[in-house]
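Here's the structure, in structure tokens; my notes come after.
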Amino acid sequence: METSTAAMMMDHQHRAAPSLSAEEKRRIERVARCVARDRDGGDLTEKLLLRLLGLTRNARRWGFLAPDHPLHPYYLQQKVSERCRILRPRHAAATTADR
């Protein structure tokens, strides 16, 4: 089951993504970085941002937070990438300390 889920995610990521402007890319990367750095894994921040999206109805600017938005896969990719980048140095430091 995990293999099929991973395959579906890979297929979804490799589909033709809409083109991003430099501003959209920067905005998505900043939000992903902020969410990834939260202690709770970003769940609370993401919920708050989605609530603000609903209140402001500024989908042009923040719509990528919604799961049905065409740029949401890019946002998820950036969030996971940032989370991995944050965790990697700790792992390297722990490996060095074990020696």
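None of these values were measured; they are calculated from a predicted model.
In this structure, CG in Leu48 is found 12.5 Å from CG in Asp43, a value given to the nearest 0.5 Å.
In this structure the side chain of Glu23 reaches within 4.5 angstrom of the side chain of Arg61, judged on heavy atoms. Residues Gln78 and Lys25 are not in side-chain contact: their nearest non-hydrogen atoms beyond the backbone lie 4.5 Å or more apart.
By the rule that hydrophobic residues join a cluster once side-chain heavy atoms approach within less than 4.5 Å of another member, Val80 and Tyr75 end up as members of separate clusters.
When atom types are taken as modelled, the side chain of Ser81 and the backbone of Gln77 share no donor-acceptor pair closer than 3.5 angstrom.
With respect to Arg85 and Glu82, a salt bridge is recorded, a charged nitrogen being found less than 4.0 Å from a carboxylate O.
Annotation for Val31 and Trp62: closest pair CG2-CZ3, 3.6 Å, computed over non-hydrogen atoms. Shown here for Lys79 and Glu46, the closest heavy-atom pair between the two residues is NZ-OE2, 2.8 Å.
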Exercise answer: donor-acceptor pairs, residues 67-74 side-chain atoms, under 3.5 Å, sequence neighbours excluded:
residue: His69; atom: ND1; partner: Leu71; partner atom: N; Å: 3.0
residue: His72; atom: ND1; partner: Phe64; partner atom: O; Å: 2.8
residue: His72; atom: ND1; partner: Leu65; partner atom: O; Å: 3.4
residue: His72; atom: ND1; partner: Ala66; partner atom: O; Å: 3.4
residue: Tyr74; atom: OH; partner: Glu29; partner atom: OE2; Å: 2.7

